[in-house]
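One structure below.
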Amino acid sequence: MRGGAHMKRRISAFMLIITILSTLCGVTVCAVEPRYSYTTTATSTLYISSNTAYCKSKARGKTTATKIEAVQYLEKKSGSKWYVVTDGTWTDSVNDSLLIVSNNKSGLTSGTYRVRTVFTVYSGSDSEKVTAISKEVTI
């Protein structure tokens, strides 16, 4: 019985650490979860100045990665839903294990924005999708 109580405390401590780490990461993807086979990191960041959004997304594949594709979306919140901003979608790809996508969108109106990027990371003919979402920015 005593061993079972000890195991429960260890599991509880582990879950507490996981909860704290996920809270610290916030909305931005801090690191890719271990379940991904070909991707090591995927991030999206958003900076807004003078009603212009500066969107940057980055994915790094493992050494087995042969290609990375990205679709980057600038989104605006309406109620509890997110909608893609007009002319706020960009695509890019590279035959390598690192892809950095940077785009700008001017003429933003007041509201809350984020960048959501869907990466497809390839290893030969196999692939996996990874989504990275930035922190929200309100103007």
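When a residue number appears, it is its place in the shown sequence, counting from 1. All values reported here derive from a predicted model rather than from experimental measurement. Both backbone and side-chain heavy atoms feed into the values below; hydrogens, waters and symmetry mates do not.
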Q. Considering residues at least two apart in sequence or located in another chain, which fulfil the side-chain contact (heavy atoms from CB on, under 4.5 Å) criterion with Ser49?
A. Tyr47, Tyr54
Q) When rounded to the nearest 0.5 angstrom, what is the spacing between OH in Tyr122 and CG in Asn95? A) 10.5 Å
Q: Report yes or no: does Ser97 contribute a side-chain atom to a donor-acceptor pair with the main-chain N or O of Arg60 at less than 3.5 Å?
A: no
Q) If two hydrophobic side chains count as joined below 4.5 Å and joins carry through other members, does Val115 share a cluster with Ile133? A) no
Q: Quickly, which of Val101, Ile68, Leu98, Leu99 forms a side chain to side chain contact (heavy atoms under 4.5 Å, CB included) with Lys58? Name it, please.
A: Leu98
Q.
Using every non-hydrogen atom in the two residues, find where Thr109 and Ile139 come nearest and quote the distance to one decimal.
A. O-CD1, 3.3 Å
Q. Could you give the distance from OH (Tyr36) to CD (Glu128), rounded to the nearest 0.5 Å?
A. 7.5 Å
**Q.** Sidechain N-carboxylate O distance under 4.0 Å for Glu75, Arg114
**A.** yes
Q. Of all heavy-atom pairs between Gly61 and Val121, which one has the smallest distance, and what is that distance?
A. CA-CG1, 4.5 Å
Q: Determine the minimum heavy-atom distance between Ser93 and Glu69, stating which atoms define it.
A: CB-CG, 3.8 Å
Q.
Using 0.5 Å steps for rounding, measure from the OG1 atom of Thr131 to the CZ atom of Phe119.
A. 9.0 Å
(Q) Once rounded to the nearest 0.5 Å, what's the spacing between atom CG of Leu46 and atom NZ of Lys56? (A) 13.0 Å
Q. Between Asp87, Thr86, Ile48, Asn51, which is the residue that forms a side chain to side chain contact (heavy atoms under 4.5 Å, CB included) with Lys105?
A. Asp87
Q | Shortest non-hydrogen separation from Thr89 to Val71 and the atoms involved | A | CG2-CG1, 3.9 Å
**Q.** Gap separating the OH atom of Tyr73 from the OG1 atom of Thr91, nearest 0.5 angstrom
**A.** 9.5 Å
Q: Evaluate the side-chain hydrogen bond (donor to acceptor under 3.5 Å, both in side chains) criterion for residues Thr40 and Lys62: first the C-alpha distance (whole Å), next the side-chain angles of each, then the deciding distance (0.1 Å), finally the verdict.
A: CA-CA 6 Å; Thr40 57; Lys62 295 181 181 179; over 6 Å; no
(Q) So which atom in Val130 and which in Ala42 form the shortest heavy-atom distance, rounded to 0.1 Å? (A) CG1-CB, 3.6 Å
Q: Give, for atom OG of Ser57 and atom CH2 of Trp90, the distance between the pair rounded to the nearest 0.5 Å.
A: 9.5 Å
Q. Linking I/L/V/M/F/W/Y whenever their side-chain heavy atoms sit closer than 4.5 Å, directly or via other members, would Val85 and Val137 fall into one cluster?
A. yes
**Q.** Same apolar cluster: Trp82 and Val118, side chain cutoff 4.5 Å
**A.** no
Q: Classify the side-chain pair Thr45/Ser134 by whether it contains a donor and acceptor separated by less than 3.5 Å.
A: no
Q) Between Lys76 and Tyr83, is NZ or CZ placed under 6.0 angstrom from the six-membered ring centre and within 45° of the ring axis? A) no
Q) Using a distance-only test with no angle check, is there a side-chain donor-acceptor pair under 3.5 angstrom linking Ser127 and Thr120? A) no
Q. Taking Ser44 for the side chain and Arg116 for the main chain, is one N or O donor matched with an acceptor at less than 3.5 Å?
A. no
